[in-house]
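Values in this document were obtained by computation on a predicted structure and should not be read as measured data. Numbered from 1 within each chain, the chains take letters A, B, ... in sequence-line order.
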Amino acid sequence: MTAWIALTLCLLCTVGAQLCFKAYHLRHHRMLLWMALALFAAAVPSTMFAVRDLGIARVYVAAALTYVAAPLLAIRLFGERFGRLQAAGLALIVAGVVVYNMP
Amino acid sequence: MSEPARLDGTGRHRATALLVAFVAGNVSLQLFAAKLVKDASALPTSRPFALALLLGIVLVLAAARFLVWGEMHKRYPLSLAYPANALFFPLVMALAWFYGETVTTANIAGAALVTIGVVLCLLGNPDEVPDP
């Protein structure tokens, strides 16, 4: 259970870092850059705790979900859009993570 | 006429070789970081300094990847360079197998779908991609 919480934290930190980094490039607030760096750094121990119980491949394959979450949140936060090809890619990533975790 | 054509060809080969080197370097750094995370996860909590050292090296590797990315950004379109880095996903499975983790058919299929999905995402919108 703790490992899944660590994995969730790892994903949240990575997505948060990506969004802060993007926001920094748009708004040039130095605080956003520091937040991005802090979140990137926080993702490392979270990843380690997740890997301890879940295994390296499961954690890193699940980390691909950040490719889904970051663009979806970017639509809401930055008014970004994505095309059909990207939507198909996001669907395949989710399907891949589900298939990966099938018994 | 033949001399410039030969030079163009040479330049193209150099650019391709450099791209392959960048992608190989980036994926290797990513895999090495994953290996260190795996090693750190096997350490007991009674060895905090070793743990901190390994995690510190992971952070340094992340910084090195950031620099490699900077160079790739300067020289190549992301639509070309970034999808190749999705190679990380099947390779991390090979690393897991190396560490004795069970790799099932579902795992291989899932990793393949993720890899194709990442490539499609990046081809669809190459300028706005998160670095995993």
For this session: For each of B/A34, B/A111, B/A109, tally heavy-atom pairs with chain A at distances under 4.5 Å, and name the one with the top tally.
Result: B/A34
Exercise. Looking at B/S41 and A/V51, what are the two nearest heavy atoms and their distance?
Worked result: OG-CG1, 3.6 Å
Problem set entry | Sub-4.5 Å side-chain heavy-atom contact between B/V114 and A/V97 | yes
Exercise. Given side chains that start at C-beta, do those of A/V44 and B/L59 come closer than 4.5 Å, heavy atoms only?
Worked result: yes
Exercise. When hydrophobic residues are tied together by side-chain contacts of less than 4.5 Å, even through go-betweens, does A/L65 share a cluster with A/L9?
Worked result: no
Exercise. Within a strict 4.5 Å, meaning less than it, do heavy atoms of the A/I56 and B/L95 side chains meet?
Worked result: yes
Problem set entry | CG on B/L120 to CG on A/L85, rounded to 0.5 Å | 5.0 Å
Exercise. Is it the case that one hydrophobic cluster holds both A/V94 and A/L12, taking links as side-chain heavy atoms less than 4.5 Å apart, direct or via other members?
Worked result: no
Problem set entry | Within residues 24-35 of chain A, residues adjacent to chain B where the heavy-atom gap is under 4.5 Å | none
Problem set entry | Interchain contact, B/L51 with chain A, by part (heavy-atom threshold 4.5 Å) | side chain
Problem set entry | A/V15 reachable from A/F78 in the ILVMFWY side-chain graph, under 4.5 Å edges | yes
Exercise. So how far is it from B/E101 CD to A/L54 CG, rounded to the nearest 0.5 Å?
Worked result: 9.5 Å
Exercise. Pairs in or reaching into residues 43-66 of chain A: which pass ring-ring contact (aromatic ring centres under 6.0 Å, His included), with residues at least two apart or in two chains?
Worked result: A/Y60-B/F88
Exercise. Which atom pair, heavy atoms only, marks the closest approach of B/C121 to A/G89?
Worked result: SG-C, 3.7 Å
Exercise. Which bit of B/V58 is near chain A, if near means a heavy-atom gap under 4.5 Å: side chain, backbone, both or neither?
Worked result: side chain
Problem set entry | Side chain / backbone / both / neither for B/L55 at chain A, heavy atoms under 4.5 Å | both
For this session: For residues B/G110 and A/V99, report the shortest heavy-atom separation together with the two atoms involved.
Result: N-CG1, 3.7 Å
Exercise. Hey, any chance A/L39 and A/L73 share a hydrophobic cluster, counting ILVMFWY side chains that come within less than 4.5 Å of each other, even indirectly?
Worked result: no
Exercise. Can A/W4 be reached from A/V59 by stepping across I, L, V, M, F, W or Y side chains whose heavy atoms are under 4.5 Å apart?
Worked result: yes
Exercise. Side chain, backbone, both or neither: which part of B/L43 has a non-hydrogen atom closer than 4.5 Å to chain A?
Worked result: backbone
Problem set entry | More than 12 heavy atoms from other groups under 6.0 Å of CZ on B/F98 | no
Exercise. Minimum heavy-atom separation for A/L92 to B/G117, with atom names?
Worked result: CB-CA, 3.7 Å
